Peer 1: 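Pasting in a structure now, in structure tokens, and then I'll have a few things to ask.
Just so we're clear, the structure is a prediction, and the values are computed from it rather than from any experiment. Proteins come first, then strands; the chains are lettered A, B, ... in the order of their sequence lines, and each starts at number 1.
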Amino acid sequence: MYIQDLHTTEGQKVNLNGWVANKREGKGIVFIILRDGTGYCQCIVTAESAGEDGLATAQSLSLESSITISGLVVKDEKQIGGFELHANAVQVVGKSENYPIAKKEHGIEFLMDQRHLWLRSTRQWAIMKIRNTIIYSIHKYFQDNGFILMDSPIFTGNAVEGTSTLFETDFYGEPAYLSQSGQLYGEAMAMAMGRIYTFGPTFRAEKSKTRRHLSEFWMIEPEMAFCDIFQNMDVIEGMMHAIITDVLDKCQKELEIIGRDTTTLKSSLNKYPRITYDEAVRIIKGEQDVNGQNSIKSLEDELARVLARLIEIDADVADRTAKIAAGNMKKGEINFNQSKIDAMKQERADLEEDERNIPQWIASARNFEYGNDFGGSDETVITRLFDSPIMVYDWPHEVKAFYLNRNPEDTRFARGVDVLAPEGYGEIVGGGERETDEAALVSKINEHKLPMEAFEWYLDLRRYGSVPHSGFGLGLERMVTWVCKLKHVRESIPFPRMYGRLKP
RNA sequence: UCCUCAAUAGCUCAGCCGGUUAGAGCAACUGACUGUUAAUCAGUAGGUCCCUGGUUCGAGUCCAGGUUGGGGAGCCA
């Protein structure tokens, strides 16, 4: 019997297997919050219902002990799953002594070291359930729309785009690199199958230490034959809508657990603004307003809010500290105030970083030089002005990959498209329409000083029945991070691999 | 690689202008409490103040270098 199915057995006696997520005690009564992976259920043990032995066993339980418990299923609206269990027998399966993760705030380094156990906590459970829903939704969208799932190789013989740093491995004595993108192979597969998508791990070796970078992440890369950049954008939007619809529909409980305000998710079911690079630059530099909002002004307002909040926190912390120091406060009240202070100190540390960063972002936006690619802060600046993802297309061809086609009406621009998520999350999708002409591709490869022989097979795709085609890459973890509104991508994947983090 | 912030009890953090024996809360442990949702009460125990060197009568506190971690730039999904 699983906790998620309890609603089918109201009033019946059932057996549950799981772990003690939490325990509270009164004299002669024990409340166990049992978790089994499918949900949470409060189990009540008294001598009356479970006998003296059962009560003693329940009293001796510690956090994360595994148990088998049987009893009567009773409806109780107050409970998270809507039901509780009045136990008449408790059996310990595996003991758990001094479980390291306590019921309080922890620092990130400690939690990352305990990632194998941290995954058991409610918030992480909810995030992983949402991740699962997103993965399922992506597969369903593409399968329902006639895409064929194919896999690109992970070992590659050359550094494809020549830009990012790759992990080098030894392939039977030859150097081989872990794939940074399956896209070129995707193009070959699309010429064979029409519409394909890949879903697999991707590796980037940049020593990036920011909240949106991982060394190993999962990427979904559709590729479509006979498809231009605008049809490509239609597919991106369709996929995003499908994902968000499913999460809103199937993960209400999980979204509530992580405290996700769903307003922006709901407004992200509308059509997404399609903005050219030129227009985006004007918005970033503050030369063009969006819905009456100005990028520079909104950053300045944000900075003012940060400063005001810092003063507020200092006053509040000082106030509570003084009250505690004054004595004659009940112990429970002290605990409550102390945990408030701890939480505010954490918030303060975050705000101080904002205080340092925002002025730099303002300067970077003001001084943005036309022709450059967007930096992380530029993406943040522009997306804060919209209540849904936006699609920025037609980029200066110099800053984009060699394989992108040009806008036929203005060849200064390459037909790349980036999807920027709202609420400051930035790029979650990068894609575009591919170059179809062999000669144009050859000159681009030379321009980027890439080894021509490595691209002979890729050029074959243009020699034998070249067609307009497009595709994109979706970063799964970035999608999960935005949908859950997480502070950092590392919480969006079970075991993150990033600069400085290889364990557990 | 560069910029920036940090490191004190198992955990989260105080520790002022350098001054005697380094503190609090949580967790743990002991005991009390029959409906709790990190908010009951009393008590016990718990320290290589990240490392190395320097300044000083005296360093958790100041200085230099290093290590580890947070955030950002670059690069990207």
Peer 1: Looking only at the side chain of Phe31(A) (C-beta and beyond, no hydrogens), which of the listed nucleotides U36(B), A77(B), G71(B) gets closest?
Peer 2: U36(B)
Peer 1: Do the side chain of Glu353(A) and the base of G70(B) come within less than 3.5 angstrom through a donor-acceptor pair of N or O atoms?
Peer 2: yes
Peer 1: Would you call Asp394(A)-Lys400(A) a salt bridge at under 4.0 Å N-O?
Peer 2: no
Peer 1: Expressed in whole Å, how much space separates the C1' atoms belonging to U61(B) and U8(B)?
Peer 2: 11 Å
Peer 1: C1' atom, A77(B) versus G60(B): distance in rounded Å?
Peer 2: 44 Å
Peer 1: State which residue, out of Lys23(A), Arg120(A), Lys95(A), fulfils the salt bridge (Lys or Arg N to Asp or Glu O under 4.0 Å) condition with Glu64(A).
Peer 2: Arg120(A)
Peer 1: Would you measure the distance from the P atom in A59(B) across to the matching atom in C49(B) and give it in whole Å?
Peer 2: 13 Å
Peer 1: Given the P atoms of G74(B) and U40(B), what is the spacing between them in whole Å?
Peer 2: 48 Å
Peer 1: C1' atom, A39(B) versus A45(B): distance in rounded Å?
Peer 2: 25 Å
Peer 1: Output yes when Asp113(A) and Arg501(A) qualify as a salt bridge under the 4.0 Å nitrogen-oxygen rule, no when they do not.
Peer 2: yes
Peer 1: Does G71(B) have OP1 or OP2 sitting under 4.0 Å from an N or O in the side chain of Arg490(A)?
Peer 2: yes
Peer 1: May I ask which nucleotide in the shown strands pairs with U12(B), Watson-Crick or G-U wobble, both distances under 3.5 Å?
Peer 2: A24(B)
Peer 1: Would you call C62(B) syn or anti, using the 90° rule around 0?
Peer 2: anti
Peer 1: Determine whether a donor-acceptor pair (one donor, one acceptor, N or O, separation below 3.5 Å) exists between the side chain of Glu25(A) and the base of G35(B).
Peer 2: no
Peer 1: On a whole-Å scale, what distance lies between the C1' atoms belonging to A73(B) and C13(B)?
Peer 2: 31 Å
Peer 1: Tell whether Ser208(A) reaches the base of G74(B) with its side chain through a donor-acceptor pair below 3.5 angstrom.
Peer 2: yes
Peer 1: I'd like the P distance from A9(B) over to G23(B), given in whole Å.
Peer 2: 14 Å
Peer 1: Would you mind telling me which residue lines up with the more 5' stretch of RNA chain B, Val489(A) or Tyr499(A), judged by nearest nucleotide?
Peer 2: Tyr499(A)
Peer 1: Is there a donor and acceptor pair closer than 3.5 Å between the side chain of His106(A) and the base of C11(B)?
Peer 2: no
Peer 1: Can you say whether a donor on the side chain of Arg356(A) sits under 3.5 Å from an acceptor on the base of C3(B), or the other way round?
Peer 2: no
Peer 1: Taking all heavy atoms of Ala280(A) and all of Val392(A), pick out the closest pair and write down the distance.
Peer 2: CB-CG1, 4.0 Å
Peer 1: Does any donor-acceptor pair link the side chain of Gln42(A) with the base of U37(B) at a separation under 3.5 Å?
Peer 2: no
Peer 1: Expressed in whole Å, how much space separates the P atoms belonging to A7(B) and A64(B)?
Peer 2: 16 Å
